[in-house]
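Below, all heavy atoms of this structure are taken into account, side chains as well, without hydrogens, waters or symmetry copies.
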Amino acid sequence: MDTILFSIKNLMKKILFFCFVFLGHIQVSSANSFVYPLAEIAKPACRYSPWSTLEGSCKMSLPHITGADYTSLKDNKEYRRIYSVLWGATYTYGWDVGYGSHEGVDIATAQGTPVQSIGDGVILSSGWQTGWGNVVSIKHTLSDGKAIYSNYAHLSKTNVTKGATVRAGDTIGEVGNTGNSYGNHLHFQIDTTNQAHPYYYVTCGKGKDPMTIVDQGLCRDFLTANTIDPIAFLENGSITTTAAVQVLQDKSKIAPKIEKKSIKTREQILDEEIEEFFRDHTLSVNLWVSGNNIEAGRTYTARVNVTYHNKPFTGSLPAEGMTLSYDRTWVKLFPETIIAIENGVREFQITGIKPGKYGISLKIGKRIFLTTSVNVYKKSEMSMPTQGFILQNKSIVLADEKLMWVVFRTKYSSNQIDIPYNGRYVLKSVTGKAKFCNVSKRSIRQCSTSELVEELEFGYDDTYRGVLLANIIPLDYMPIGLVVVQKETGKTLIKSTTDILVTNPNGIDKTYTYFTETVSALKKRLIKPNSGYVLQDRELLGKQAKDMIRNALAYQFLKAWNDQMKKRTILMKMKNFDTYSQSVEDYKSMTREQFAGLVITGIDGSPLVTSDKKWLDEAGKYKDAITTLRVRYRFFWKDQFGERYFQSSKNITVGESMYMIEKVL
């Protein structure tokens with residue numbers, strides 16, 4: 001029996017020992033189990049993008065405020081941007097501890113940053129609350145059986161339900177911007193009593209603006225009686241009882257204050273953040289309306305584009321987002337504030353109310369990054385344009401073909417694009433000699449010689465969205481002055497502001513033997529400059545030869561005016577030449593005799609002169625074409641051999657070919 005009693009006593013001692021060790025372990029865990037509500041955060045420069053999109057280089061461990069020593073960090077830019085508003089501070093300054101009534105601490109980070117429970121506890125509530133948005137409240141029982149309560153507000157989502165048990169470090173939600181919040185952040189608050197939240201809506205601040213309460217330091221006695229500085233709590237590892245909590249509360253009442261004059265305001269901090277945002281991001285706005293002209297009564301879709309390091313940005317904009325400022329009497333924009341951007345784009349609508357020209361400003365914080373205007377019009381006001389402008393080159397090479405634009409303007413001095421107008425109009429030169437062709441609706445904007453006109457008539461249907469795109473070709477050296485007149489009245493609506501200067505092509509020397517004939521051929525558009533060049537001494541290729549003869553026939557066709565018989569003859573020559581020239585290789589140099597054969601066959605078309613051979617080399621396949629040139633057109637080369645030789649087998653140059661055609665024409 002004694003042995004049995006001894007064994008029982010030993011067993012009871014062991015049980016009591018293990019219970020003591022276990023309970024002791026529980027107390028130690030409780031004393032050291034509280035953690036910060038965020039393990040990681042987005043680096044300040046990256047926090048505008050969602051947490052799920054951030055790379056590792058954009059994330060960092062949440063820096064702790066050791067010993068809740070705010071004074072030593074009050075000028076630290078990084079800490080000020082992360083811990084935006086401290087407990088007992090104002091919204092205006094954020095770190096003026098002792099002068100405000102902020103109930104918790106605001107920690108700024110990216111939307112979606114995981115939020116964790118600071119300790120073991122039971123979920124008291126999880127869901128939406130007025131002012132706080134999505135919020136989770138947790139009851140933590142201390143070693144003396146009493147409790148404190150941690151609160152996590154403005155969450156984008158919650159991951160727990162009422163009544164659930166959580167451990168320190170368990171994820172309970174994600175950072176957001178819900179409720180009365182401006183920018184993604186966590187409002188973290190520790191209460192010593194379990195009252196309704198937020199306190200100021202239902203207690204000493206009832207009926208007052210919460211911003212005013214916090215900024216004027218109202219209800220501070222209520223603040224210190226019912227809440228505790230959460231950073232000081234987390235930094236003090238010895239709090240296990242409500243008595244220890246009370247000691248910390250008492251200390252907070254006499255904690256050093258931070259004078260407002262010694263720190264930057266939150267607005268100043270925010271201005272720095274916005275400037276940094278603009279360094280890393282590019283913002284632009286496209287109204288998607290030509291000339292910013294909007295018809296009264298119609299709604300248009302505009303677009304904000306944002307990129308981050310040249311990639312489409314997804315996330316929230318700084319401050320309270322982008323605000324659109326305008327006169328609501330004349331136009332309407334929706335929405336008026338843009339907070340979030342997705343895939344680099346956010347659309348908004350713009351509606352014209354009354355005709356007129358009105359300004360729109362887009363800003364983030366105090367930074368106005370775009371100012372533009374819209375022109376609200378009625379269709380009836382735009383039917384007959386009265387002004388416009390001509391966009392042209394300052395100078396053009398003789399016979400070169402250059403694109404020019406004619407654009408009518410509204411009475412608001414905006415471009416009249418996509419706004420139909422009535423009437424017929426004429427583009428022409430009043431000084432100098434030039435021809436035009438309409439290329440408004442062409443993908444390849446080139447003109448054939450046969451379609452060139454000295455006066456180009458057009459209406460809205462002949463343009464591209466109201467803009468006349470025309471090619472201009474100068475055919476003389478006199479400077480060209482352009483006008484647009486209304487056809488019905490002859491009234492001049494547009495004048496070019498400067499004359500177009502006409503220059504010689506590059507590659508032609510004024511001392512060149514065939515300079516006069518070359519210039520004459522250019523004026524007839526027998527050959528077209530290539531990027532401003534006509535290389536007189538370059539060997540002529542087969543393709544160039546065929547183009548020159550076709551252009552010569554087109555020139556003769558235009559000169560025939562109303563002589564229908566002559567025109568039919570030239571058309572037949574064109575058809576026959578296309579057949580005859582098929583054997584000519586495009587990219588092979590032409591000899592003098594080969595080109596003579598093309599010219600006489602294609603342009604002349606009359607029976608060849610077969611007798612009266614004179615030159616010593618007037619022989620071979622093309623001898624009669626050479627003879628015809630000499631006899632009928634008094635042709636000879638202007639060199640030392642010209643009287644005796646044609647030099648048939650010599651490759652012909654570009655300049656020599658123009659001389660030959662000029663003699664025939």
Side-chain angles (χ1 to χ4, degrees), residues 398-401 446-450 473 505 507-508 512-531 533-559 570-606 608 617-618 620-630 632-633 635-639 642 645-665:
L398 179 69
D400 206 356
E401 190 171 339
Q446 293 181 344
C447 303
S448 65
T449 302
S450 61
I473 299 98
I508 294 182
Y512 179 51
T513 303
Y514 304 114
F515 176 78
T516 301
E517 291 81 5
T518 299
V519 169
S520 179
L522 283 169
K523 291 179 179 180
K524 294 183 178 72
R525 292 274 290 166
L526 304 186
I527 192 169
K528 302 174 184 178
N530 184 2
S531 299
Y533 280 82
V534 174
L535 302 178
Q536 61 191 28
D537 295 320
R538 178 165 290 183
E539 291 182 353
L540 185 73
L541 300 178
K543 185 177 186 306
Q544 291 175 304
K546 290 186 286 187
D547 287 343
M548 286 178 70
I549 292 172
R550 291 190 183 103
N551 290 336
L553 291 171
Y555 172 75
Q556 288 184 328
F557 184 86
L558 292 175
K559 281 197 68 177
I570 295 171
L571 288 173
M572 184 59 67
K573 285 183 180 181
M574 290 178 177
K575 182 178 180 180
N576 292 338
F577 178 74
D578 285 341
T579 302
Y580 175 78
S581 63
Q582 287 180 358
S583 60
V584 177
E585 296 182 36
D586 283 348
Y587 299 102
K588 185 176 181 180
S589 297
M590 299 284 294
T591 63
R592 287 180 169 184
E593 63 177 1
Q594 288 174 329
F595 189 67
L598 284 179
V599 170
I600 295 302
T601 303
I603 299 176
D604 185 298
S606 302
L608 299 176
D617 57 353
E618 208 166 321
K621 179 179 179 180
Y622 301 101
K623 63 180 185 298
D624 292 338
I626 295 170
T627 302
T628 303
L629 263 177
R630 179 177 54 79
R632 190 172 294 162
Y633 300 104
F635 181 88
F636 62 90
W637 296 114
K638 297 179 182 180
D639 59 25
Y645 294 95
F646 186 73
Q647 302 174 72
S648 303
S649 59
K650 183 178 180 180
N651 287 344
I652 193 169
T653 65
V654 171
E656 291 170 344
S657 65
M658 287 191 279
Y659 166 63
M660 185 182 292
I661 288 185
E662 275 294 300
K663 294 293 287 185
V664 172
L665 290 178

Visitor: Tell me the closest heavy-atom pair linking Val584 and Lys546, and the distance in Å.
Guide: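 Smallest heavy-atom distance, with atoms named: O-NZ, 3.4 Å.
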Visitor: Can you name the side-chain contact (heavy atoms from CB on, under 4.5 Å) partners of Leu608, sequence neighbours left out?
Guide: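 Checked Leu608 against side-chain contact (heavy atoms from CB on, under 4.5 Å); matches are Ile600, Asp624, Thr628.
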Visitor: Are any side-chain N or O atoms of Lys573 and backbone N or O atoms of Gly602, one a donor and one an acceptor, separated by less than 3.5 Å?
Guide: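 Pair absent, no side-chain N/O of Lys573 close to backbone of Gly602.
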Visitor: Return the set of residues passing salt bridge (charged side-chain N to carboxylate O under 4.0 Å, His left out) with Glu517 (not counting sequence neighbours), or none when no residue passes.
Guide: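 For Glu517 the salt bridge (charged side-chain N to carboxylate O under 4.0 Å, His left out) partners, ignoring immediate neighbours, are Lys638.
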Visitor: Any pair with a residue in residues 654-665 that passes side-chain hydrogen bond (donor to acceptor under 3.5 Å, both in side chains), sequence neighbours left out, goes on the list, sorted by first then second residue, please.
Guide: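 Pairs touching residues 654-665 that pass the test: Ser520-Glu662, Lys524-Glu662, Arg592-Glu656, Thr653-Glu656.
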Visitor: Looking only at heavy atoms, which two atoms of Thr591 and Ser648 are closest? And how far apart?
Guide: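 Looking at all heavy atoms of both residues, the shortest contact is CB-O, 3.6 Å.
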Visitor: In Å, rounded to the nearest 0.5 Å, how long is the span from CD1 of Ile570 to CD of Gln556?
Guide: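 One finds 5.0 Å between CD1 of Ile570 and CD of Gln556.
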Visitor: Within this structure, what is the CG-OG1 distance for the pair Leu398 and Thr518, rounded to the nearest 0.5 Å?
Guide: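 Result: 11.0 Å between the selected atoms.
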Visitor: Rounded to the nearest 0.5 Å, what separates atom CG in Leu553 from atom CG in Leu526?
Guide: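 Separation between the atoms: 10.0 Å.
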Visitor: How would you list, by chain and number, every residue that makes a side-chain contact (heavy atoms from CB on, under 4.5 Å) with Asp578, sequence neighbours excluded?
Guide: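 Result, side-chain contact (heavy atoms from CB on, under 4.5 Å) vs Asp578: Arg550.
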Visitor: Can you list everything that forms a side-chain contact (heavy atoms from CB on, under 4.5 Å) with Glu401? Sequence neighbours excluded, please.
Guide: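 Here the qualifying residues are Gln446, Cys447, Asn471, Ile473, Arg525, Lys528.
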Visitor: Check the angle between the aromatic planes of Phe635 and Trp637 and answer parallel, tilted or perpendicular using the 30° and 60° thresholds.
Guide: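 Answer is perpendicular, since the angle exceeds 60°.
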Visitor: Listed by chain and number, what are the side-chain contact (heavy atoms from CB on, under 4.5 Å) partners of Ser583, not counting sequence neighbours?
Guide: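 For Ser583, no residue satisfies side-chain contact (heavy atoms from CB on, under 4.5 Å) once neighbours in sequence are set aside.
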